[in-house]
> 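One structure follows; several queries about it will come next.
Chain letters run A, B, ... following the sequence lines, proteins first, then strands; residues in each count from 1.
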There are 4 protein chains.
Amino acid sequence: MQSRSPASRTGRPRSATADAAILAATREALVELGWSKLTLGDVATRAGVAKTTLYRRWAGKNELVVDAVAELFDELELPDRGSLAADIEGVVLQFAAILALPEARSGLMAVVAEATRDEALRERIRASVVDRQKRLVLEGRARAQDRGELPPEPDSASADRTVDLIFDMVAGAVVHRTLVSAEPADEEWVRSFTRVLLHGLGG
Amino acid sequence: MQSRSPASRTGRPRSATADAAILAATREALVELGWSKLTLGDVATRAGVAKTTLYRRWAGKNELVVDAVAELFDELELPDRGSLAADIEGVVLQFAAILALPEARSGLMAVVAEATRDEALRERIRASVVDRQKRLVLEGRARAQDRGELPPEPDSASADRTVDLIFDMVAGAVVHRTLVSAEPADEEWVRSFTRVLLHGLGG
Amino acid sequence: MQSRSPASRTGRPRSATADAAILAATREALVELGWSKLTLGDVATRAGVAKTTLYRRWAGKNELVVDAVAELFDELELPDRGSLAADIEGVVLQFAAILALPEARSGLMAVVAEATRDEALRERIRASVVDRQKRLVLEGRARAQDRGELPPEPDSASADRTVDLIFDMVAGAVVHRTLVSAEPADEEWVRSFTRVLLHGLGG
Amino acid sequence: MQSRSPASRTGRPRSATADAAILAATREALVELGWSKLTLGDVATRAGVAKTTLYRRWAGKNELVVDAVAELFDELELPDRGSLAADIEGVVLQFAAILALPEARSGLMAVVAEATRDEALRERIRASVVDRQKRLVLEGRARAQDRGELPPEPDSASADRTVDLIFDMVAGAVVHRTLVSAEPADEEWVRSFTRVLLHGLGG
DNA sequence: TCTTAATCGAGACGGTACGTCAAGTCTTCTC
DNA sequence: GAGAAGACTTGACGTACCGTCTCGATTAAGA
């Protein structure tokens with residue numbers, strides 16, 4: 001999450017529970033107030049922690065919210081459901097369920113918006129959220145290739161590009177459906193989406 | 001954009017140029033400062049207008065930014081390039097070009113984030129941005145059906161759902177590629193995306 | 001007191017009552033809290049005024065306290081009591097009475113202490129407090145010379161030096177008695193002091 | 001200086017050098033920063049000592065500064081110069097020289113100001129600074145009476161009152177001249193002051 | 001020589017106030 | 001009556017110190 005000075009053996013150690021309390025308080029405040037009305041002073045109060053403790057560990061609101069939201073996505077899994085279509089539908093539904101949480105909705109787009117002007121924040125999001133979940137695409141493709149549902153990749157550069165493309169298409173569609181169009185990504189929608197993704201508009 | 005009191009005949013009329021100046025100043029400030037550091041006082045100063053004038057016409061920062069950004073998307077067109085694939089590639093490239101503008105990047109995601117907690121704002125975005133551009137999907141589909149590239153829709157409810165799905169997939173993928181993955185949606189990427197959209201992952 | 005931008009005709013004028021309320025609130029806070037625990041936020045609250053209003057008019061705590069305390073000394077007068085000794089005793093008792101007020105005790109020495117490191121503040125104190133009261137010494141001497149109690153001054157440079165000396169001796173003795181020795185400058189003490197001042201230790 | 005727990009025989013003894021280092025660091029910080037910007041954390045750092053060490057020995061900033069400043073006045077002496085006037089001039093010049101030191105100027109008035117609201121601090125100042133230097137007045141008077149320059153005191157109560165009065169007049173005048181009027185108490189001024197003190201205004 | 005106990009450094013802790021800034025409203029004068 | 005100017009209240013910002021605490025490591029004196 002946040003780095004501490006590596007060579008610090010002396011002095012009072014940081015409270016281990018404070019981190020968890022702060023991130024939980026951040027999510028709670030996101031639910032109640034949303035990103036723009038969330039204040040670090042309020043988060044500190046909710047966490048039962050001093051404002052300085054919070055500033056000692058995170059550089060600001062953006063970094064804190066990224067960490068608080070990133071934890072939500074770590075529970076995503078790709079259980080083997082027997083076919084590529086079923087696998088995709090399963091993980092997309094999980095993803096949609098997380099995006100239905102107010103703490104994710106409010107926080108995620110806000111930090112993405114901030115990241116358009118902040119390279120370091122963009123990198124933090126990529127590391128904490130995006131790259132961490134690309135594993136799902138990799139795993140799903142490998143499984144589908146084992147099953148013979150997808151052909152092997154001709155070369156690794158092309159393979160990487162395809163992973164990125166699929167990730168952008170899946171995540172983008174779900175996010176846009178959920179947050180911009182503001183419609184639920186329910187089972188019916190997910191089935192339609194998966195059909196188009198696998199077989200194209202003509203199918 | 002903003003409503004004015006309908007029964008106002010008397011008194012000094014509102015300056016007609018002020019609106020345009022304010023929206024232009026808003027976009028300029030978005031470029032220089034980004035959404036979170038944009039202040040209405042600064043916009044007023046840039047526009048050569050008093051803060052009160054600004055508040056008289058827009059309720060707040062979000063509404064102002066939605067209007068300022070929405071104007072950017074009105075120039076999207078769907079010229080007939082002879083095939084569905086070429087039409088999609090053309091409009092997606094236009095969309096990507098707009099999202100490459102700093103004033104669009106900074107503002108769009110921020111108001112979407114705010115909209116997760118503000119129904120009226122969500123509606124304003126839908127009306128000013130989303131629904132206004134769905135025409136492109138409708139037009140492209142009709143043209144493709146005329147050409148015989150796509151089958152006619154069985155019923156209108158299903159047709160609407162498909163339009164929404166395609167719009168979410170196209171807009172979502174471009175936005176995610178551009179703003180979250182922070183990679184350019186260049187011609188190569190657009191070709192790959194269009195191929196998957198039309199023929200599916202297996203193709 | 002504080003300067004305002006000279007070329008400001010337009011805009012809302014500064015509230016005239018706010019100044020008086022702030023200075024009164026400052027004296028009240030000095031009484032209750034003393035200089036070191038007085039906070040500008042608290043003064044603003046007491047005065048029913050926003051913190052920004054306060055900072056718009058004074059540069060900081062020191063300048064504010066100087067102005068608040070200086071007003072206390074303006075009521076000093078030198079009524080003609082018939083003899084130099086009686087005149088001195090009268091004004092010294094008035095001075096002692098002001099120094100007995102908690103708002104004066106707490107504030108005066110603190111700003112003098114700050115002034116040891118701040119030329120501008122020293123000048124402000126000199127202008128607001130010291131020079132304003134030297135008139136009492138000048139007036140007393142002139143009256144005593146008219147009565148024939150004191151000889152006329154040989155030259156004006158020497159006259160100025162004597163005024164300064166007398167002022168330092170009178171003010172210094174009362175301040176030291178009151179604040180450092182922390183004993184009351186009562187009538188008995190004032191009589192003894194005046195006797196020594198007029199006739200020397202031997203008398 | 002500071003009291004330690006009386007019943008502490010065992011355990012590691014307090015570092016003897018720390019006290020001197022802390023008081024020296026305090027004076028150094030007074031010179032550079034003045035009283036109001038002096039922080040105990042900074043003093044601790046300058047002294048090469050932990051903040052806890054400092055708080056273990058002094059109750060707070062005021063007590064520390066009193067001790068640091070009081071040491072400066074211990075070097076005052078009253079060498080026998082042959083006459084009362086010469087003796088007074090000598091000691092007043094020494095006193096003025098100490099008050100010309102930045103560490104004395106900044107600290108002394110500040111703690112006096114704090115003492116207006118703190119009885120214990122007032123007592124500490126009286127004990128550490130004021131009473132310790134009254135010996136000079138007593139010694140000077142005794143010497144003058146031996147020389148026949150001053151009459152013997154009629155009774156001891158009156159004698160004490162006179163000592164207090166003289167001390168307030170001398171110390172007060174020098175302090176006021178130096179810190180409030182902010183003019184040097186040079187030889188010329190000291191001669192004039194001594195003349196008035198011994199012979200009165202009329203002389 | 002081996003406890004024993006208060007010291008030492010370092011630095012995190014819950015707090016408070018700082019001085020600044022933006023939001024949105026109000027007041028005055030001008031066009 | 002709209003508009004420009006700018007003072008107003010409110011409240012969050014991020015920083016700096018406060019005085020307290022926890023920690024592991026010294027350091028002398030007494031057992």
> In Å, rounded to the nearest 0.5 Å, how long is the span from NZ of A/Lys61 to OG1 of A/Thr26?
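A/Lys61 atom NZ to A/Thr26 atom OG1 measures 11.0 Å (nearest 0.5 Å).
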> Under 4.0 Å between a side-chain N or O of B/Thr53 and OP1 or OP2 of F/dA2?
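So the side chain of B/Thr53 is outside the cut-off, no N or O lying under 4.0 Å from OP1 or OP2 of F/dA2.
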> Is any side-chain heavy atom of D/Val111 closer than 4.5 Å to a side-chain heavy atom of D/Val69?
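D/Val111 does not reach D/Val69 side chain to side chain.
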> So what does the secondary structure string of DNA chain F come out as, 5' to 3', with Watson-Crick or wobble pairs under 3.5 angstrom, [ ] for crossing and | for pairs with another strand?
|||||||||||||||||||||||||||||||
> Which heavy atom of B/Ala44 sits nearest a heavy atom of B/Ala50, and at what distance?
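Between these two residues, the closest heavy atoms are CB-C, 4.1 Å.
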> For B/Val31, enumerate each residue passing the side chain to side chain contact (heavy atoms under 4.5 Å, CB included) test, keeping only those at least two apart in sequence or located in another chain.
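Partners of B/Val31 by the side chain to side chain contact (heavy atoms under 4.5 Å, CB included) criterion, ordered by chain and then number, come out as B/Pro102, B/Glu103.
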> Report yes if some heavy atom in the side chain of C/Val65 is under 4.5 Å from a heavy atom in the side chain of C/Leu108; otherwise report no.
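C/Val65 does not reach C/Leu108 side chain to side chain.
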> Check the distance between E/dC18's P and C/Trp58's CH2 and give it to me in whole angstrom.
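For the pair C/Trp58 CH2 and E/dC18 P, the rounded distance is 16 Å.
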> Quick one: does C/Met109's side chain get under 4.5 Å of C/Val112's, heavy atoms only?
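SC-SC contact between C/Met109 and C/Val112 confirmed.
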> Where along nucleotides 13-19 of chain F does protein come under 4.0 Å, by heavy atom, of base (B) or sugar-phosphate alone (S), with - for untouched nucleotides?
SBBBBSB
> With sequence neighbours left out, write down each residue that passes side-chain hydrogen bond (donor to acceptor under 3.5 Å, both in side chains) with C/Arg122, or none if nothing qualifies.
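Once residues adjacent in sequence are excluded, the partners of C/Arg122 under the side-chain hydrogen bond (donor to acceptor under 3.5 Å, both in side chains) criterion are C/Glu119.
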> Report the residues that fulfil side-chain hydrogen bond (donor to acceptor under 3.5 Å, both in side chains) with A/Glu114, sequence neighbours left out, ordered by chain and then residue number.
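Only B/Ser36 meet the side-chain hydrogen bond (donor to acceptor under 3.5 Å, both in side chains) criterion with A/Glu114.
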> Could you give the distance from CG (A/Asp19) to CG (A/Asp67), rounded to the nearest 0.5 Å?
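That separation rounds to 8.5 Å.
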> Could you state the CG-P distance from C/Leu54 to F/dA7, rounded to the nearest angstrom?
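About 15 Å, once rounded to whole Å.
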> Taking OP1 and OP2 of E/dC8, is either one under 4.0 Å from a side-chain nitrogen or oxygen of D/Arg57?
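Indeed, a polar side-chain atom of D/Arg57 lies that close.
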> Between the protein and nucleotides 23-28 of chain F, list the N/O to N/O atom pairs that are separated by less than 3.5 angstrom.
residue : atom : partner : partner atom : Å
F/dT26  : O2   : D/Arg12 : NH1          : 2.7

> Nearest 0.5 Å, what's the CG-CG distance between B/Leu40 and B/Leu38?
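So the gap between those two atoms works out to 6.5 Å.
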